[in-house]
S.K.: 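There's a structure below that I have some questions on.
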Amino acid sequence: MSVDELAPPRGLRRAAAGLSLALSFLTILPVRPRTIDFGAAAGWFPAVGALVGALAGGVRAGAEPLLGPTVATVLALAALVVATGALHQDGLADSADALGARGDRERRLAVMRDPAIGAFGVLALVGWALVMLAALAPLGDGDALAALVTAGALSRWAALVHAAGAPPARPDGLGAGFRSGRAALVLATASAVAIAAVAAWAWPALAATGLALALGLVSAAAARRAVGGRTGDTIGATVAVVEAAVCTTLLGFWR
C-alpha cells in the first residue's frame with residue numbers, strides 16, 4: 001500500500017487545513033495554519049466562534065458562585081477579548097473612528113489604518129462592554145453560556161455575510177483576502193443555524209439568527225457607503241456589534 005493510499009482523503013485534508021486557519025485567525029491559540037485560503041476556513045467560523053463563547057461562558061459559570069453575576073460577567077468578557085486577541089474590538093474601534101472622521105473615503109480609510117484610538121473608538125468600546133455586561137449579568141449561568149455560544153456562532157457567520165455583501169475597499173489587506181465561496185458560506189450558514197437552534201432553542205434562536213443576518217447585510221451596505229467596501233476592521237466591527245445585539249435579544253426572551 002502506497003503512502004498516498006494511507007493519507008487522509010483530499011476533502012478531509014482541506015477541512016483540517018481550514019480549521020487550522022480559522023483557529024489561528026479567530027483565536028490566540030498557537031495553531032500553525034496549514035492554508036491561507038479563507039474559503040476553506042469560512043465554514044468553520046461559526047464553530048470556532050461558539051468555542052470562544054463556550055470558554056467565556058465557562059469562566060462566567062466558574063466565577064459566579066464566588067464573585068456574583070456582575071463580576072463573573074466582567075471576567076467572562078475579559079476572557080472573550082483575550083481569547084480573540086481583541087481582534088474584533090480593534091475593528092470596532094477603528095471603524096467607529098473612521099465613521100466619525102470628516103472627509104472622503106480615502107480619509108476614512110487612512111483613519112482606519114491609524115493605530116491610535118480616537119474618541120469615537122473609545123466610546124464604541126465602552127458601549128460594547130456596557131451592552132454585553134447589561135445583557136449577560138441578569139442571566140443565570142446556563143442561559144449566559146447559551147447566549148455566549150449563540151452570539152459567538154452567529155456573529156462570525158454575520159462577518160461572512162458582511163464580506164459577501166461588500167467588495168474589498170482596498171486592493172490589499174485583510175478585506176481583500178477575506179473571500180469565501182458559495183459552498184463555504186452555505187456550510188457556515190447551516191453550522192450557525194444549527195448551533196443557535198441547539199443553544200437557544202425555537203423562537204429565541206430564530207430571532208437571533210434573523211437579527212444577525214440583518215446586521216450582516218446592513219453593515220455591508222454601511223461599509224460600501226462609508227469606505228467603498230469591506231476591510232478587516234469592518235469585518236471585526238460586525239462581529240462585535242452582532243455579539244452584543246444577539247445577547248441583548250436573548251435577554252429579552254429569557255429574563
S.K.: Apply the test side chain to side chain contact (heavy atoms under 4.5 Å, CB included) to residues V131 and T248: give CA-CA distance (whole Å), side-chain angles for both, the deciding distance (0.1 Å), then the verdict.
M.R.: CA-CA 7 Å; V131 170; T248 303; 3.4 Å; yes
S.K.: List in chain and number order the residues that pass ring-ring contact (aromatic ring centres under 6.0 Å, His included) with F25, two or more places apart in sequence or in another chain; answer none if no residue qualifies.
M.R.: F38
S.K.: Is the number of heavy atoms from other residues, nucleotides or ligands within 6.0 Å of CZ (F120) greater than 12?
M.R.: no
S.K.: If I compare all heavy atoms of A220 with all of A166, which pair ends up nearest, and what's the gap?
M.R.: O-CB, 3.9 Å
S.K.: Less than 4.5 Å apart, side chain to side chain, heavy atoms only: is that true for S20 and R32?
M.R.: no
S.K.: As an exercise, state the distance from CZ of R108 to CG of D94, rounded to the nearest 0.5 Å.
M.R.: 15.0 Å
S.K.: Under a single-linkage definition using a 4.5 Å side-chain heavy-atom cutoff for Ile, Leu, Val, Met, Phe, Trp and Tyr, are V193 and V198 assigned to the same hydrophobic cluster?
M.R.: no
S.K.: Got a second to check how far L160's CG is from S155's OG, nearest 0.5 Å?
M.R.: 10.0 Å
S.K.: Could you go step by step and tell me if D172 and R113 meet the salt bridge (charged side-chain N to carboxylate O under 4.0 Å, His left out) rule?
M.R.: CA-CA 12 Å; D172 59 348; R113 280 188 161 167; 3.3 Å; yes
S.K.: Would you say that L215 contacts H162 through its side chain, given a criterion of any heavy-atom pair below 4.5 Å between the two side chains?
M.R.: no
S.K.: Any luck finding a side-chain donor-acceptor pair between T234 and S95 under 3.5 Å?
M.R.: no
S.K.: Do I195 and W201 belong together in a cluster built from hydrophobic side chains that touch within less than 4.5 Å?
M.R.: no
S.K.: Does some side-chain heavy atom of W203 sit less than 4.5 Å from a side-chain heavy atom of F253?
M.R.: yes
S.K.: Under the side chain to side chain contact (heavy atoms under 4.5 Å, CB included) criterion, do D143 and L251 qualify, and how do the steps go?
M.R.: CA-CA 9 Å; D143 284 344; L251 171 67; over 6 Å; no
S.K.: Does any part of the side chain of T27, heavy atoms only, come nearer than 4.5 Å to the side chain of V52, both counted from C-beta?
M.R.: yes
S.K.: Given side chains that start at C-beta, do those of M132 and C247 come closer than 4.5 Å, heavy atoms only?
M.R.: yes
S.K.: Over all heavy atoms of both residues, which pair between V239 and A159 is shortest? Give the atoms and the distance, please.
M.R.: CG2-CB, 3.6 Å
S.K.: Check whether any side-chain heavy atom of I28 sits under 4.5 Å from a side-chain heavy atom of T84, and report yes or no.
M.R.: no
S.K.: Got a second to check how far L250's CG is from L136's CG, nearest 0.5 Å?
M.R.: 9.5 Å
S.K.: Under 4.5 Å between side-chain heavy atoms, hopping through other hydrophobics if needed: is there a path connecting L148 to L145?
M.R.: no
S.K.: Which other residues belong to the hydrophobic cluster containing L109, where Ile, Leu, Val, Met, Phe, Trp and Tyr are joined when side-chain heavy atoms lie under 4.5 Å apart, directly or via other members?
M.R.: M112, V227
S.K.: To check you understand the geometry: which heavy-atom pair defines the closest contact between A79 and V59, and what is its length?
M.R.: CB-CG2, 3.8 Å
S.K.: Report yes if the side chains of R156 and W44 come closer than 4.5 Å at any heavy-atom pair, otherwise no.
M.R.: no
S.K.: Is the CZ atom of R105 crowded by more than 12 outside heavy atoms at less than 6.0 Å?
M.R.: yes
S.K.: Search all heavy atoms of G43 against all heavy atoms of L187 and return the closest pair with its distance.
M.R.: CA-CD2, 4.0 Å
S.K.: Applying side-chain contact (heavy atoms from CB on, under 4.5 Å) between L213 and each of L211, T209, L217, report the one that passes.
M.R.: L217
S.K.: Tell me whether F45 is reachable from I235 by hopping between hydrophobic residues (I, L, V, M, F, W, Y) whose side-chain heavy atoms are closer than 4.5 Å.
M.R.: yes
S.K.: Please check: side-chain N/O of R224 versus main-chain N/O of G165, any donor-acceptor pairing under 3.5 Å?
M.R.: yes
S.K.: Is there a path of hydrophobic side-chain contacts, each under 4.5 Å between heavy atoms of I, L, V, M, F, W or Y residues, that connects L26 with L29?
M.R.: yes
S.K.: In Å and rounded to the nearest 0.5 Å, what is the CH2 to CG distance from W254 to L139?
M.R.: 7.0 Å
S.K.: Closest approach of D97 and A119, non-hydrogen atoms and distance?
M.R.: OD1-N, 4.0 Å
S.K.: Work out which heavy atom in A226 is nearest to a heavy atom in L99; give both atom names and the distance.
M.R.: CB-CD2, 3.6 Å
S.K.: Please round to the nearest 0.5 Å and tell me the distance separating atom CG of L51 and atom CG of L55.
M.R.: 7.0 Å
S.K.: Knowing that exactly one of D90, L92, T238 qualifies, which makes a side-chain contact (heavy atoms from CB on, under 4.5 Å) with D233?
M.R.: D90
S.K.: Say you draw a straight line from CG of L80 to CG of L75; how long is it, rounded to the nearest 0.5 Å?
M.R.: 12.5 Å
